[in-house]
2 protein chains.
Amino acid sequence: MPTKKKPQVTAAPARRRELLETAAEVFAEQGYNATTVRKIADHAGMLAGSLYYHFDSKESMLEEILRTFLDELWDGYDTVLDAGLGPRETLEALVTESFREIDRHRAAVAIYQKESKQLVAQERFGFLAESQRRFEKAWLATLERGVAAHVFRADLDVRLTYRFVRDTVWVAASWYRPGGQHSPEEIARQYLSMVLDGIAVRE
Amino acid sequence: MPTKKKPQVTAAPARRRELLETAAEVFAEQGYNATTVRKIADHAGMLAGSLYYHFDSKESMLEEILRTFLDELWDGYDTVLDAGLGPRETLEALVTESFREIDRHRAAVAIYQKESKQLVAQERFGFLAESQRRFEKAWLATLERGVAAHVFRADLDVRLTYRFVRDTVWVAASWYRPGGQHSPEEIARQYLSMVLDGIAVRE
DNA sequence: GTCCTTCCCTAACAAGTGTTTGGTAGGTTA
DNA sequence: TAACCTACCAAACACTTGTTAGGGAAGGAC
């Protein structure tokens, strides 16, 4: 007889999703290391040991949360990147898409922001490093394309500009609350206005 | 006989500073919760228990690190704010000063960025909340002064602009490495150029 | 009815946590 | 020489941590 079939390997059932969502919420709020499995179980209305019927470790919960988020993120990004837009339109679309992802995966983004730096060292989370490389590549290519086409300034350090744009977008997850007065698209519009045209008055 | 005099209450001796610096380094790299006192002791070349000759808890190390950083930060900020500069010059000076602080207190800034959100809830770290209020007040006042003087755009949400400027500056601590190819002043110059004038080419 | 699966509980485990206590080598002071 | 202080070590403490093993209630399948 083969080893007992565990629910972990099957396609994610509904209960599993619920638990991952509450876990992501607690991870985002308290930090991964400060979050005990007992706290997660509390929020889910069950006991710590019961979580291990659905998942085989605390770390695997974290992995699945981040994997799910990154998969959906790249779905959106690839659609934009394959659309054949100009550099400026690509940048606008990427930023807007990013704010939509923050809206949809607020908790996962917050976790990613806080923990990814320490996680990439582990081979289990190697997919984070790969995602970061693709991310940087896509952004740098867009920026360089824009500089070549004379739509982005040529006097700026491209790598610095990349970090600037990347950070300004994603740190928004630390204060963004879904259902607030600004929609993701509205925030994206204002952010793009600042990034592209600056906050100073033109003469 | 009174209680035994402990070195914690006296003015900080040299050894104490060294230990706080290594502790800050480890906190910044691994995160506060993931950092054990044994790891700190390892980096300092001593045993875990020996740390308690200098400090009375792990938390008090964290508190002193953040207090020292914020004290020096506000020294610099107050100098700028009391100089009677115009809004644009004030913004430029604040940003430049911020990058200098990142250069000087890289570890403390990284810790602050990662942990402050969870720490402000504890009354022990109430000074963080007070600092944040002063920070927001100073920045909002500068921005509003600039809008009134027609040097900053009036069509932007001031609160959003504040978060934008604040975040873009401080997240730099996550990738900045002292002794790199860019000085703090050079980074500040390029950041200010992007924030004030945008990255798009003007027509 | 009986069997089986799903989902959770009870109770414990070993490892790691921050912290304390008592001791001690080496230098300084009297 | 004797007393004392500084800065550390050695060994343990109580507690929390992630995780596991066995059991059991509910409900559908046969």
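Reminder, nothing fancy here: chain letters follow the sequence lines and each chain counts from 1. This one's a predicted model, so the numbers in the text were calculated from it and none came from an experiment.
The side chain of Met46(B) lies closest to dC9(D) when the candidates are dC9(D), dT19(D), dT17(C). Closest to the side chain of Tyr52(A), out of dT19(C), dG18(D), dC8(C), is dG18(D).
We find that Glu92(A) and Arg189(A) are not joined by a salt bridge, their nearest charged nitrogen and carboxylate oxygen being 4.0 Å or further apart. The pair Asp157(B)-Arg163(B) does not count as a salt bridge, with every side-chain nitrogen at least 4.0 angstrom from each carboxylate oxygen. Using a 4.0 Å cut-off between charged side-chain N and carboxylate O, Glu101(B) and Arg104(B) make a salt bridge. A salt bridge links Glu97(B) with Arg100(B); the closest basic N to acidic carboxylate O contact falls under 4.0 Å. Salt bridge annotation for Glu64(B)-Arg67(B): absent, with no cationic side-chain nitrogen under 4.0 angstrom from a carboxylate oxygen.
Checked by distance alone, Arg38(B) brings no side-chain donor or acceptor within 3.5 Å of a matching partner on the base of dG16(C).
Put simply, CG on Asp42(A) is 12 Å from P on dG18(D), counting in whole angstrom units. Rounding to whole angstrom units, NZ of residue Lys39(A) and C1' of dT16(D) are separated by 11 Å. Rounded to an integer number of Å, the gap from NZ of Lys58(A) to P of dT20(D) is 14 Å. Going from atom CG of Asn33(B) over to atom P of dT17(D) covers 11 Å, rounded to whole Å. Atom C1' of nucleotide dC9(D) and atom CG of Leu51(B) are separated by 12 Å, given to the nearest angstrom. The CD1-P distance, from Ile40(B) to dT17(C), rounds to 11 Å in whole Å. For the pair Arg16(A) CZ and dC8(C) C1', the computed distance is 16 Å after rounding to whole Å. As rounded to whole Å, 9 Å separates atom P of dT19(C) from atom CG of Asp56(B).
Arg15(A) comes within 4.0 angstrom of the backbone, heavy atoms only, and of no base. Counting any heavy atom pair closer than 4.0 Å across all strands shown, Thr36(B) reaches sugar-phosphate atoms only and no base atom. Using a 4.0 Å heavy-atom cutoff across all strands shown, Ser60(B) reaches no nucleic acid atom at all.
For the pair Tyr32(A) and Leu19(B), both in contact range of DNA chain D, the more 5′-proximal nearest nucleotide belongs to Leu19(B).
For dC8(C), the OP1/OP2 oxygens have a side-chain nitrogen or oxygen of His54(A) closer than 4.0 Å. Between Ser50(B) and dC9(D) there is a side-chain polar atom (N or O) within less than 4.0 angstrom of OP1 or OP2. In this model, the phosphate group of dC8(D) is not approached by any side-chain N or O of Tyr53(B) to a distance below 4.0 Å at OP1 or OP2.
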